[in-house]
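When a ligand or atom number is given, it counts from 1 through the structure's own listing order.
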Amino acid sequence: MDGEPDLYIGGSWRHASDGGTREVINPSDGSVAATVDEATPDDARAAVAAARAAFDDGQWPATAVADRAALLLRVADLLQRDKDRLARLETLDTGKTLAESEIDIDDVTSVFRYYAHLIATQSDRLVDVGDPTVISRVVREPIGVCVLIAPWNYPLLQMVWKIAPALAAGATMVAKPSEVTPLTTIAFTHLLVEAGVPAGVVNLVQGSGARLGEALTDNAAVDLISFTGGAATGRVIAETAAKHVTRVALELGGKNPHIVFADADWESSVDQVLTGVFLHSGQVCSSGTRLIAEESIADDFVAELARRAEKIRVGDGMDPTSETGPLVSEQHRAKVEEYVALGISEGAVLVTGGARPDDPALAAGSFYLPTIFDRCDRSMRIVTEETFGPILTVERFTEESEAIALGNDTQYGLAAGVRTSDAARGERVVRALRHGTVWLNDFGYYTAAAEWGGYGKSGNGRELGPTGLAEYQEIKHIWHNVAPKPAGWFKG
Ligand code: TXE
């Protein structure tokens with residue numbers, strides 16, 4: 001960053017081998033936030049080779065779990081020590097409010113603490129095969145070399161959801177943050193070094209997917225690719241990985257329904273539908289972008305949402321009075337604007353927003369107003385495609401079965417919300433929804449100890465929880481006969 005080397009390969013910091021750099025833009029005002037080294041494909045291959053060597057030399061995978069757990073706890077302490085600095089860097093890079101960035105740093109800290117605990121308490125499984133001379137056991141081993149590719153909406157958080165379990169498992173890795181938001185991952189890698197992560201175990205490269213993707217994913221030395229990002233990129237990565245039968249874990253976003261029955265608690269429903277879609281200006285994979293409201297309350301509910309959406313204070317994330325920040329880039333705002341134009345042309349009714357803020361102080365940033373479209377239906381692309389912006393679409397239902405059908409009518413399946421005061425109905429609907437996380441009378445919460453991931457085209461695999469650790473482990477069955485005797489099958 002700004003003259004210091006940003007690539008960390010085989011235990012040393014270095015600049016790109018061709019001297020290349022990239023400017024990182026602050027989306028709140030369009031200024032250059034930092035200049036960062038841009039790796040070459042050869043640098044990326046060197047990073048994979050370093051991870052391969054560190055894995056194959058066997059020391060890190062064989063580290064006692066107590067030592068790995070202790071290292072993870074040291075990282076957690078360093079994250080808290082540097083929380084303010086990291087949060088400011090995340091806000092500078094993404095535009096999100098400082099309050100959100102601080103929550104992100106607490107989240108990543110909790111993920112390190114959770115995996116420290118999990119790895120220290122995970123045990124092998126003994127299997128009774130009915131022969132007392134056979135010790136049969138199932139053990140977990142680190143998967144090998146992992147390529148970890150993260151997006152720009154939660155840059156450090158998404159990366160840590162991968163790095164923490166990979167380290168806990170004893171794997172080695174190459175991390176590639178989004179080229180749009182690399183700053184916190186660079187700072188965090190310095191903390192990993194300070195905490196004592198051995199050379200070659202974690203390697204870091206910066207650069208675009210177009211430039212580095214092939215070197216990282218079309219690579220026989222890689223055992224697992226864990227990717228969070230757009231569906232189109234996820235498909236390309238899965239196809240490339242298939243050439244080498246490399247394992248992939250994909251988190252590809254969602255188009256998440258938030259179903260509100262007429263008997264739902266009004267105040268918390270309005271509040272959480274609003275937060276669920278407009279937090280971080282909608283740049284959240286689990287954003288509740290599809291309001292599915294019971295017809296009898298829909299008019300009043302949408303009117304109240306619009307009233308409150310118009311009061312949301314959009315502004316620079318560093319300003320403590322801002323409630324949400326800009327979109328991550330001019331290019332991303334252009335995409336969101338295209339979706340708004342599309343919604344209008346598709347016949348949806350624009351209730352509020354649909355424009356950039358007119359405050360001249362925000363003119364240089366990529367801000368966009370919270371936007372609500374009513375009278376939407378499933379034939380519209382704004383209802384079926386991930387806009388990844390502050391856009392809420394409203395669909396209506398009269399029967400429970402219709403609400404379920406609407407909620408499941410998506411190619412994705414990451415997350416959903418259900419709001420009702422009828423507990424039995426709530427449980428019925430939750431079980432009928434085909435989504436990886438379902439909130440009942442809440443929205444957006446998660447914890448390090450519970451799995452996160454999607455059904456359908458939201459991807460495969462799970463992050464967080466025990467399954468999030470299992471992604472980075474191989475399973476081995478060991479059959480040990482302590483009193484060997486002939487099988488006696490062949491008689492000659
Ligand atoms: O993501 P990309 P983009 C969705 C959201 C957004 C859309 C596109 O709808 O509008 O995806 O966003 C790296 N090989 N999500 O284009 O390209 C890239 O450098 C290897 C949902 O910014 O998927 C970055 O590090 N890597 C999502 C990462 O992939 C490649 C969060 C994600 O970028 C690559 C973000 C390649 N060929 C966007 N091409 C979520 N699931 O939360 C790109 N990359």
- Polar contact flag for V236 and ligand 1 (N/O pairs, less than 3.5 Å): no
- Query: Which ligand 1 atoms are under 4.0 Å away from a heavy-atom of T233?
  - Reply: 2 (P), 17 (O), 23 (O), 30 (C), 34 (C), 36 (C), 39 (N), 43 (C), 44 (N)
- When distances are taken from atom 38 (C) of ligand 1, the protein heavy atom at minimum range is F388 CE2, 3.9 Å
- Would you check if the side chain of W13 reaches a backbone N or O of E4 as a donor-acceptor pair within less than 3.5 Å? no
- Would a 4.0 Å cut-off, counted as strictly less than, catch a protein heavy atom around atom 33 (O) of ligand 1? no
- Message: Counting non-hydrogen protein atoms only, what is the nearest one to atom 29 (O) of ligand 1? Give residue, atom name and distance.
- Response: F227 CE1, 3.1 Å
- Query: By number and element, which atoms of ligand 1 are closer than 4.0 Å to a non-hydrogen atom of K335?
  - Reply: 6 (C), 7 (C), 9 (O), 10 (O)
- Note on the structure: Distance col, row I105:CD1 vs D82:CG, nearest 0.5 angstrom, shows 9.5 Å
- Against heavy atoms of L252, which atoms of ligand 1 measure under 4.0 Å? 41 (N)
- Message: For atom 3 (P) of ligand 1, what is the closest protein heavy atom, and at what distance to 0.1 Å?
- Response: W152 NE1, 3.8 Å
- Query: Just how far is it from atom CD1 of I391 to atom OG1 of T387, taken to the nearest 0.5 Å?
  - Reply: 4.0 Å
- Mode of E251 contact toward ligand 1 - side chain, backbone, both, neither (heavy atoms, under 4.0 Å): both
- D374 side chain to V349 main-chain N or O, any donor-acceptor pair under 3.5 Å? no
- Message: With a cutoff of 4.0 Å, is P177 in contact with ligand 1, counting heavy atoms of the residue only?
- Response: yes
- Message: How far is atom 9 (O) of ligand 1 from the closest protein heavy atom, and which atom is that?
- Response: E386 OE1, 2.7 Å
- K176-ligand 1 polar pair, N/O distance under 3.5 Å: yes
- Counting only heavy atoms, which portion of A231 has something under 4.0 Å from ligand 1: side chain, backbone, both, or neither? neither
- Message: Under a 4.0 angstrom heavy-atom cut-off, which atoms of ligand 1 come close to G213?
- Response: 14 (N), 20 (C)
- Query: Quick one: does ligand 1 sit under 4.0 Å from the side chain of H332, the backbone, both or neither, non-hydrogen atoms only?
  - Reply: side chain
- Select one of side chain, backbone, both or neither to describe which atoms of T240 lie under 4.0 Å from any atom of ligand 1, heavy atoms only. neither
- Here the atoms of ligand 1 under 4.0 Å from any heavy atom belonging to A150 are 24 (C), 25 (O), 28 (C)
- Query: What do you think, any protein heavy atom under 4.0 angstrom from atom 22 (O) of ligand 1?
  - Reply: yes
- Item | Closest protein heavy atom to atom 37 (N) of ligand 1, given as residue, atom name and distance to 0.1 Å | G209 O, 4.0 Å
- Item | Derivation of the salt bridge (charged side-chain N to carboxylate O under 4.0 Å, His left out) call for R333 and E330 | CA-CA 5 Å; R333 178 170 66 179; E330 284 290 343; 3.0 Å; yes
- Check the surroundings of atom NE2 in H190: do more than 12 heavy atoms from other residues, nucleotides or ligands lie under 6.0 Å from it? yes
- Message: Would Y154 count as a contact residue for ligand 1, given that I'm defining contact as a non-hydrogen atom of the residue lying under 4.0 Å from a ligand atom?
- Response: no
- Note on the structure: One finds that the ligand 1 atoms under 4.0 Å from a non-hydrogen atom of C285 are 40 (C), 41 (N), 42 (O)
- Any idea which protein heavy atom is nearest atom 11 (O) of ligand 1, and the distance to it? G230 CA, 3.0 Å
- Message: For atom 35 (C) of ligand 1, what's the nearest protein heavy-atom neighbour? Residue, atom name and distance, please.
- Response: P151 CB, 3.5 Å
- Message: Strictly below 4.0 Å, N to O, side chains only: are D442 and R419 in salt-bridge contact?
- Response: no
- Message: Once rounded to the nearest 0.5 Å, what's the spacing between atom OH of Y339 and atom CD of E346?
- Response: 9.5 Å
- Item | Nearest-0.5 Å distance that lies between atom CD1 in I186 and atom CG in L191 | 12.5 Å
- Message: Suppose I only count heavy atoms of I149 and a 4.0 Å limit; which atoms of ligand 1 are within that range?
- Response: 13 (C), 20 (C), 25 (O), 26 (N), 28 (C), 29 (O)
- Please name the residue in the list Y446, Y154, Y115, Y472 that meets the ring-ring contact (aromatic ring centres under 6.0 Å, His included) test with W161. Y446
- Task: Using modelled atom types only, decide if a donor and an acceptor are shared between the side chain of T217 and the backbone of I237 within a distance under 3.5 Å.
- Result: no
- Without swapping roles, check the side chain of E395 against the backbone of I292 for a donor-acceptor pair under 3.5 Å. no
- Note on the structure: Taking only non-hydrogen atoms of E179 and a 4.0 Å limit, the atoms of ligand 1 in range are 18 (C), 19 (O)
- Message: Any salt bridge linking R211 with D18? Criterion: basic side-chain nitrogen under 4.0 Å from a carboxylate oxygen.
- Response: yes
- Please work out whether the ring planes of F443 and H258 are parallel, tilted or perpendicular, with thresholds of 30° and 60°. parallel
- Item | Intermediate values then yes/no, side chain to side chain contact (heavy atoms under 4.5 Å, CB included), S226 and M173 | CA-CA 10 Å; S226 178; M173 62 210 80; over 6 Å; no
